[in-house]
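Every chain is numbered from 1, with letters handed out A, B, ... down the list of sequences.
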2 protein chains.
Amino acid sequence: MKKITIADVATYANVSKSTVSQYLNKRYDYMGADTKKRIEAAIKALGYSPNIIARSLKQKSTKTIGVIVANILHVFSTQVIRAIEDYCNASNFHVIVCNADDDPMKEKRYIEMLRAKQVDGIIAFPTGENIDLYQGLLEENYPFILMDRLVPGVAMDAVLLDNEKAVHLAIEQFIKAGYKKIGMISPPMEQPVTPRRERMEAYKTALKKYGIEFRPAYLASGEITDMHIRIKEMLTLADPPEAILALNDRVLFELLQYTKDHQVQIPADLAIIGIDDVSFASFYSPTLTTIAQPAFDMGKKAAQLLFNQIQGDSRSETNVYRFAPQLMERESC
Amino acid sequence: MKKITIADVATYANVSKSTVSQYLNKRYDYMGADTKKRIEAAIKALGYSPNIIARSLKQKSTKTIGVIVANILHVFSTQVIRAIEDYCNASNFHVIVCNADDDPMKEKRYIEMLRAKQVDGIIAFPTGENIDLYQGLLEENYPFILMDRLVPGVAMDAVLLDNEKAVHLAIEQFIKAGYKKIGMISPPMEQPVTPRRERMEAYKTALKKYGIEFRPAYLASGEITDMHIRIKEMLTLADPPEAILALNDRVLFELLQYTKDHQVQIPADLAIIGIDDVSFASFYSPTLTTIAQPAFDMGKKAAQLLFNQIQGDSRSETNVYRFAPQLMERESC
DNA sequence: CTGAAAGCGCTTACAG
DNA sequence: CTGAAAGCGCTTACAG
């Protein structure tokens with residue numbers, strides 16, 4: 001089945017390609033009512049649908065953006081993507097989703113491929129490496145928004161959780177409940193990605209704020225696959241923590257698995273707060289106190305910022321937008 | 001900053017555009033070593049990167065596919081997308097993700113837009129309406145794979161869970177544990193989407209197989225927002241079910257919330273099995289018996305099938321691939 | 001071994 | 001009010 005083009009429509013309607021193009025772009029200002037009707041009929045008769053690729057080539061806009069996440073399997077990423085997609089959809093934009101898996105090489109390749117495909121802009125959860133690449137993008141004024149993570153030394157627009165506040169909310173909640181021996185578990189700190197770094201810092205400053213000394217043994221970080229070992233080490237200390245803050249949902253899962261396997265009573269034996277409002281928080285036993293991230297608002301904001309840049313709003317200054325976390329007070333602390 | 005094109009590279013390297021193009025496409029067969037080196041140098045010096053849109057226009061392939069899900073927030077969809085993306089990435093393809101929200105109008109618009117953007121093929125969780133649209137695609141031989149759901153009367157390649165088996169596994173497990181009063185809860189049956197319809201059918205045939213009479217009161221379906229009401233109605237019957245099969249994760253959440261709120265003991269008061277192996281199944285109290293779907297395998301298969309179609313493998317016959325569910329035996333039954 | 005020319009399917013000044 | 005022509009940035013026979 002031969003693809004039918006604007007030329008076919010023009011022939012059929014007995015007008016020129018230009019006129020058909022005018023019609024398609026809704027510039028009817030000077031178009032004869034009759035011409036219009038003929039074109040309309042021709043399009044319907046032939047079942048014509050324009051080739052957007054050809055248009056993109058000329059107009060230098062693909063109405064497509066790229067979103068590079070670490071891993072779409074993380075609930076937070078999924079929510080952010082959904083919000084972005086909704087926003088794009090309203091403007092007839094499409095979104096290409098890429099998983100960089102925290103691999104700088106993969107990230108680089110995706111960015112280059114997306115640019116070669118002429119996407120109008122990119123929103124990324126950056127690995128934090130590839131600093132030169134990001135710096136180049138910035139200097140070029142290429143529309144780009146950082147999500148969840150910052151790139152050291154690169155002043156791009158970004159939307160992040162107020163990580164400091166998130167941790168302070170949690171620690172404050174522990175303190176209010178009378179806990180002083182407060183531990184924290186986190187993914188690998190060797191990958192000093194913004195949320196981990198900031199939450200770690202905040203953990204220390206929050207403890208200090210309440211006059212509690214920081215104890216390295218109360219801080220466990222490592223690969224998810226080894227997390228249960230780290231947790232065991234911490235909870236079998238001679239003087240173990242009475243409360244633990246889980247830095248994100250993945251790590252919380254490991255902690256809950258451990259407490260389940262070893263019959264640790266929550267909160268009697270161990271109080272728990274997790275960052276990320278997991279789906280089962282309200283019907284787990286006990287219900288789980290969490291710190292919720294406004295993922296949808298964050299995704300929407302990122303999309304708005306990107307569109308501003310795409311529409312060429314003079315990037316007067318770079319901004320880092322911090323979103324407020326929310327304490328979901330339940331039974332685990 | 002002016003975009004630099006193949007013409008710039010040609011001028012810089014003192015060759016023709018054709019030659020640069022040959023180089024880019026790695027057709028070096030007859031290329032002088034010196035020419036090659038000059039082009040290489042020019043590309044590096046100018047920081048040239050090809051415009052894939054222009055290439056796509058000529059080659060009629062965008063190396064991009066579309067994936068239309070009902071809602072990316074469903075874990076199953078996310079896993080399927082991840083598998084598809086991985087597969088595509090290996091062939092340098094990109095994937096555009098769309099959420100149709102079970103809205104046939106939205107689905108139609110997405111399909112039309114994706115085609116206008118010349119994507120090489122589409123994988124969709126179809127709404128089940130838009131039958132003519134699908135039929136047209138099929139007749140045109142447009143690369144298209146159905147995922148999770150079938151379109152009535154349209155013989156396209158599809159990958160689905162073996163829903164009948166999934167339900168039989170669950171009912172069998174209930175029977176083995178001595179339950180005979182077995183209920184089921186599901187999303188709205190007014191939307192007779194394949195998994196719901198097939199699971200519902202299988203529920204009836206499975207009961208019959210064990211000589212149990214089907215009782216309409218033991219079947220609750222409705223909007224998620226009203227699910228707790230349906231559940232309450234069922235569990236406050238004079239003769240309530242002793243076991244409930246949750247048709248998917250969303251509905252399981254509602255059930256668990258209900259049992260939590262009303263202190264229903266699992267499995268003492270009520271045995272539960274859910275289709276979809278939810279993230280917290282292994283550390284919930286009690287741990288949850290589930291039926292797992294091989295989402296990653298299914299996504300990968302869909303991608304493979306789509307690529308076969310894209311590469312023009314004569315579509316000798318249409319196939320519906322059924323994937324085996326797996327019983328994850330835990331404590332809730 | 002390399003280049004000139006046509007063409008992919010559109011859009012966009014510009015002329016009339 | 002409408003059309004001829006050039007051009008977007010590539011690729012691809014074809015000629016030499």
Side-chain angles (χ1 to χ4, degrees), chain A residues 1-40 42-43 46-64 92 112-113 115-120, chain B residues 1-40 42-43 46-64 92 112-113 115-120:
Chain A
M1 176 166 154
K2 207 192 139 281
K3 228 4 192 170
I4 87 118
T5 76
I6 204 172
D8 302 318
V9 176
T11 310
Y12 191 99
N14 234 299
V15 295
S16 75
K17 290 193 301 171
S18 322
T19 307
V20 177
S21 178
Q22 306 287 7
Y23 173 88
L24 291 173
N25 292 288
K26 306 203 193 305
R27 278 195 270 279
Y28 314 118
D29 316 4
Y30 302 101
M31 196 169 296
D34 179 56
T35 314
K36 202 155 130 186
K37 226 166 280 172
R38 284 213 314 281
I39 295 176
E40 214 163 319
I43 289 177
L46 299 171
Y48 170 72
S49 131
N51 179 330
I52 298 201
I53 288 295
R55 173 184 298 169
S56 295
L57 180 58
K58 186 70 186 179
Q59 290 188 160
K60 285 153 174 4
S61 155
T62 52
K63 289 206 160 221
T64 304
N92 260 301
E112 284 166 356
M113 287 295 300
R115 295 211 56 195
K117 275 199 183 158
Q118 314 299 116
V119 299
D120 294 341
Chain B
M1 176 164 152
K2 206 191 138 288
K3 231 356 195 176
I4 86 118
T5 77
I6 204 173
D8 302 318
V9 176
T11 310
Y12 191 100
N14 235 300
V15 295
S16 75
K17 290 194 300 170
S18 322
T19 306
V20 177
S21 179
Q22 305 288 8
Y23 173 88
L24 291 173
N25 292 287
K26 306 203 192 305
R27 278 197 269 278
Y28 314 120
D29 317 4
Y30 301 100
M31 196 170 296
D34 178 58
T35 314
K36 202 156 129 186
K37 226 167 277 170
R38 283 212 316 280
I39 296 176
E40 213 163 320
I43 289 177
L46 299 171
Y48 170 71
S49 133
N51 180 329
I52 299 200
I53 289 294
R55 172 184 300 170
S56 296
L57 180 58
K58 187 70 187 177
Q59 292 190 159
K60 284 150 177 7
S61 155
T62 51
K63 289 205 159 220
T64 305
N92 260 302
E112 285 166 355
M113 286 295 301
R115 294 210 55 194
K117 275 199 182 158
Q118 314 297 118
V119 299
D120 294 340

Q.
Looking at every non-hydrogen atom in both residues, tell me the closest pair between A/Tyr48 and A/Ile6 and how far apart they are.
A. CE1-N, 3.6 Å

Q) Are OP1 or OP2 of C/dG3 and a side-chain N or O of B/Ser16 less than 4.0 angstrom apart? A) yes

(Q) Without decimals, in angstroms, what is the distance between B/Leu57 CG and C/dC10 C1'? (A) 8 Å

Q: Under 4.0 Å between any heavy atoms, over every strand shown, what does A/Ser56 touch: base, sugar-phosphate, or nothing? Just pick one.
A: nothing

Q. Does OP1 or OP2 of C/dC1 have a side-chain N or O of B/Tyr23 closer than 4.0 Å?
A. no

**Q.** Complementary nucleotide for C/dA13 - Watson-Crick or wobble, under 3.5 Å
**A.** none

**Q.** Most 5' of B/Thr35 and B/Ala54 on DNA chain C, judged by nearest nucleotide
**A.** B/Thr35

**Q.** Distance, rounded to the nearest Å, where B/Ile4 contributes CD1 and D/dC10 contributes P
**A.** 8 Å

**Q.** Gap between atoms CG and C1', on B/Asp34 and C/dT2 respectively (whole Å)
**A.** 13 Å

Q: Could you tell me the separation between the NZ atom of A/Lys17 and the C1' atom of D/dG7, rounded to a whole number of Å?
A: 11 Å

Q | Interatomic distance where CD1 belongs to B/Ile39 and P belongs to C/dG3 [whole Å] | A | 9 Å

Q | Distance-only side-chain donor-acceptor flag, B/Lys117 / B/Thr62, under 3.5 Å | A | no

**Q.** Interatomic distance, A/Gln22 CD vs D/dG3 C1' [rounded to whole Å]
**A.** 10 Å

(Q) Between C1' on C/dG7 and CG on A/Asn51, what's the gap in Å once rounded to a whole number? (A) 14 Å

Q) Can you find a side chain N or O atom of B/Thr19 that sits less than 4.0 Å from OP1 or OP2 on C/dG3? A) yes

Q | Phosphate contact (D/dG9 OP1 or OP2) by B/Thr5 side-chain N/O below 4.0 Å | A | no

Q. With side chains defined as the heavy atoms from C-beta onward, is the minimum distance between B/Thr5 and B/Asp8 less than 4.5 Å?
A. yes

Q. Considering heavy-atom distances to DNA chain C, does B/Arg38 or B/Lys58 have its closest nucleotide positioned more toward the 5' end?
A. B/Arg38

Q: Respond yes when some side-chain nitrogen or oxygen of A/Lys60 is under 4.0 Å from OP1 or OP2 of D/dG9, and no when none is.
A: yes

Q: With the side chain counted from C-beta on, respond yes when A/Asp120 and A/Thr64 share a heavy-atom pair under 4.5 Å apart, and no when they do not.
A: no

Q. Applying a 3.5 Å limit to both distances, which nucleotide forms a Watson-Crick or G-U wobble pair with D/dA4?
A. none

Q: Considering non-hydrogen atoms only, spot the tightest contact between A/Ser56 and A/Ser61 and give its length.
A: OG-O, 3.2 Å

Q) Is B/Gln59 near enough to D/dT12 that one of its side-chain N or O atoms lies under 4.0 angstrom from OP1 or OP2? A) yes

Q. Atom CD1 of A/Ile6 and atom C1' of C/dC10: how far apart are they, to the nearest Å?
A. 6 Å

